[in-house]
Novice: 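Dropping the structure in here first, questions after.
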2 protein chains.
Amino acid sequence: MTDSKPSMSDLAKKLNVSKTTISFILNGKAKERRISEALVEKVLAEAANLGYRPNQFAQSLRTGRTNIIGLMVEDISNPFYASIARLIEEKVYQNGYRIVYCSTENDVTRGKDFLTMFSTLSVDGCIVAPTQGMEQEIREMHEKGKSVVLFDRYFGNDGTDAVMVDNQGGMYRAVEHLAARGAKDIGLIAIALDDPEKEDRIIGFKKAIADNGLATYVFPLPFKGGYEEYLQDISEIFSRNKLDAVVFGTNYLGIAGLEVINQMGLRIPDDMAMISFDDHDLFRIHRPGITVVAQPIEAIAQKAIDTLMSKLRNPALTKKTAEVITLPTSLIVRAST
Amino acid sequence: MTDSKPSMSDLAKKLNVSKTTISFILNGKAKERRISEALVEKVLAEAANLGYRPNQFAQSLRTGRTNIIGLMVEDISNPFYASIARLIEEKVYQNGYRIVYCSTENDVTRGKDFLTMFSTLSVDGCIVAPTQGMEQEIREMHEKGKSVVLFDRYFGNDGTDAVMVDNQGGMYRAVEHLAARGAKDIGLIAIALDDPEKEDRIIGFKKAIADNGLATYVFPLPFKGGYEEYLQDISEIFSRNKLDAVVFGTNYLGIAGLEVINQMGLRIPDDMAMISFDDHDLFRIHRPGITVVAQPIEAIAQKAIDTLMSKLRNPALTKKTAEVITLPTSLIVRAST
DNA sequence: ATGAAAGCGCTAACAC
DNA sequence: GTGTTAGCGCTTTCAT
């Protein structure tokens, strides 16, 4: 009936031992406190028997640590982020942490709200794919000693750790590949949240186009939630420009683009060669297969966690070193090029 | 420098007011406590000024409520669950809750671990796509007064709310559709965690096969993490049986199946007609398009949240009513059939 | 080798 | 109208 959780006091009372002792034993400090084997046994046994679980909130209130990690991505339903979330989940649980996630939808306000939430929740650290406009807030968290690891996007030299991917290089090789296959009019359709001149994927694209002496067709698109709108935008781009190849800056643009191409009855790669950033089941299985610039998802997750965990374990590090890791992408050539 | 968060005491000291008063004001109980307008203003202003944020842990410790909701799915990186997670996130935040998620991988032990974690974390409620074998634990949570809403899978009449989908009916109509198109040897490739006789999708399939006087080809597969293994299993099934149509019980089996079909050079729908449970970008965009039994993702998320929120708002309900909502699936016919 | 006691930040019954 | 006070369950210093 009164099945409510047993507290440390319950244990203490039942065993005629003080809370202190119980606490030490349960926290593995029995040795250094020289508590007798016998007592340790007894306490452990009774704790197990009663199904005792420490109250995380009391614990957090006392210690200031929460064992919660915040994960902030653009959209948790995007397979790229979902896969990362899955991997991070796996690795984080092994270290006794839990994850609270949220999707920013590239909205600064949402992003900041969530940062506040993380702060309110007192997460021990967080892994964030930031939107732009959050620079200030991220820096503040960092300065307050919270461990933050950025990925997917970051802001120059602000002292925050980041796990990035070689976006410029990846894009450069994609264009190179297309050019080598004889493409002349290569378009780039990519999200530009901010200034297109600052987007690495766009920069890499332009550089490759220039190096290959080709004409530049860049179509920066603002971020919008709706898939339908992208279909619309892309089909307009296709009808107004006679391209023989196209590169998409993200998986969802690639997907939308592929749908448009198919709808318009364009043949890949004869009428239109195609490459998308990010691999996806769709790109692998589609006939013809779609060439992609794949991001090393596993490595991104691993590095992000490793970085965060090492800061968490050694808080002194947090304020000091800031490392920006850049992981290579890989061009997976399929029949679309 | 000492930028650590201001507490209620700080506020109280600064304004020469007691914590009590602050607490009441901040919790919107100023009216009923008949606190003067002026004071309310002053407190609110100073709170905003100092950037005061209540300490969630102290709050939780005191009230027993945490504003955290646990979300447990089979695999957060599966688009079906990821989409649900996204929608649930959206709806939940509007109500001031946060989400902690975890992926069971259909592993009972993991599932139970996470349930314990939810319990330790004192989540206010949870939305769970259970694995089998968790019946007992779910029932216990429920009996302890925790709000639990199941989806995707549930255990008969155990008094827990559940949001389900008409799996039998969806599968039935898929087979019916195939039969109407002249398919004779229709195979079903589906995960059977437990007894295949208890899996609704398999039941629906068999019923439809019987009603249409066809031969029964059911290939229950155990759940395994690895995609490669499914490829293997499926291609064996295809080489050992001469089917003219196949139905896949879940999106990842459908994806693997499609990959196998393409690899084997089978033509859809001439050599092999195909239907998969769950819609997916891949099925929509693939040429030919793949007919699917789509689940109403949005509705599932909405119902789950609605149910949970109403229980949370009115705890008295929790122990009483248990509702099993069954949502319809829809057959989206494409070129694969 | 063990325990008493203070206090983390907050809420709410009960005074005044 | 506003303040006092007693905890929520835990950790940890200091005493014994």
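Chain identifiers are assigned alphabetically (A, B, ...) following the order of the sequence lines, protein sequences preceding nucleic acid strands; residue numbering begins at 1 within each chain.
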Novice: Would you mind telling me which of C/dA6, C/dT11, D/dT2 lies closest to the side-chain atoms of A/R62?
Specialist: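 Comparing C/dA6, C/dT11, D/dT2 against the side chain of A/R62, the answer is C/dA6.
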Novice: Nearest whole angstrom, please: distance from the C1' of C/dG3 to the CG of A/L11.
Specialist: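 Roughly 16 Å, once rounded to whole Å.
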Novice: B/A58 side chain: which of C/dT11, C/dG9, D/dT11 is closest?
Specialist: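 Nearest nucleotide to the side chain: C/dG9.
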Novice: Could you state the CG-P distance from B/N67 to C/dC10, rounded to the nearest angstrom?
Specialist: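 These atoms are roughly 15 Å apart.
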Novice: What parts of residues 12-22 of chain A reach DNA chain C, counting only heavy atoms under 4.0 Å away?
Specialist: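 Heavy-atom contacts with DNA chain C come from A/N16, A/V17, A/S18, A/T20, A/T21.
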Novice: Taking the nucleotide of DNA chain D with the closest heavy atom to each, which residue, A/N55 or A/R33, is nearer the 5' end?
Specialist: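 Checking each residue's closest nucleotide, the 5'-ward one belongs to A/N55.
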Novice: Could you state the CG-P distance from B/L26 to C/dA12, rounded to the nearest angstrom?
Specialist: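 These atoms are roughly 13 Å apart.
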Novice: What contact category does A/K31 fall into here, base, sugar-phosphate, or nothing, at under 4.0 angstrom with non-hydrogen atoms?
Specialist: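 No contact.
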Novice: Going through the distances and angles, do A/R86 and B/E105 end up as a salt bridge (charged side-chain N to carboxylate O under 4.0 Å, His left out)?
Specialist: CA-CA 11 Å; A/R86 179 74 188 79; B/E105 288 176 336; 2.5 Å; yes
Novice: Taking atom CZ of B/R139 and atom CE of B/M134, what is their separation to the nearest 0.5 Å?
Specialist: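 One finds 11.5 Å between CZ of B/R139 and CE of B/M134.
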Novice: When you check the side-chain N and O atoms of B/D113 and A/Y93, is any donor under 3.5 Å from an acceptor?
Specialist: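 No donor-acceptor contact under 3.5 Å links the two side chains.
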Novice: Give a yes or no on this: more than 12 heavy atoms of other residues, nucleotides or ligands lie within 6.0 Å of atom CZ of B/R110.
Specialist: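 Yes - once you tally the heavy atoms of other residues, nucleotides and ligands closer than 6.0 Å, there are more than 12.
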Novice: Taking OP1 and OP2 of C/dT11, is either one under 4.0 Å from a side-chain nitrogen or oxygen of B/Q59?
Specialist: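 Affirmative; the distance criterion is met.
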Novice: Need one value for B/F24: base, sugar-phosphate or nothing, where a base atom within 4.0 Å counts as base even if backbone is also close, heavy atoms only.
Specialist: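 Since a base atom lies under 4.0 Å of B/F24, the category is base.
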Novice: Nearest whole Å is fine: how far is D/dC8 C1' from A/F57 CZ?
Specialist: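 From A/F57 CZ to D/dC8 C1': 12 Å.
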Novice: Rounded to the Å, how far apart are A/R65 CZ and D/dT12 C1'?
Specialist: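 Distance, rounded to whole Å: 13 Å.
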Novice: Rounded to the nearest 0.5 Å, what's the gap from CD1 on A/I22 to CG on A/L15? Could you check?
Specialist: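 Going from the CD1 atom of A/I22 to the CG atom of A/L15 covers 5.5 Å.
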Novice: Whole angstrom is fine here: how far is it from CZ in B/R53 over to P in C/dC10?
Specialist: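 Rounding to the nearest Å, CZ of B/R53 and P of C/dC10 are 12 Å apart.
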Novice: Write down the distance between CD (B/E32) and C1' (C/dT11), rounded to a whole number of angstrom.
Specialist: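 After rounding, the gap between these two atoms is 13 Å.
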Novice: In whole angstrom, what separates B/I25's CD1 from D/dG3's C1'?
Specialist: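 So the CD1-C1' distance, B/I25 to D/dG3, works out to 13 Å.
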Novice: Categorize A/S23 for me: base, sugar-phosphate, or nothing, with a 4.0 angstrom heavy-atom threshold over every strand shown.
Specialist: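 It contacts base atoms.
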Novice: So A/L61, base contact, sugar-phosphate only, or nothing? Heavy-atom distance under 4.0 Å.
Specialist: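 It contacts base atoms.
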Novice: CG/B/L121 to OG/B/S60 distance, rounded to the nearest 0.5 angstrom?
Specialist: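 So the CG of B/L121 and the OG of B/S60 are separated by 10.0 Å.
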Novice: Evaluate the criterion side chain to side chain contact (heavy atoms under 4.5 Å, CB included) for residue pair A/V324 and A/L150; output intermediate values, then yes/no.
Specialist: CA-CA 9 Å; A/V324 176; A/L150 266 28; over 6 Å; no
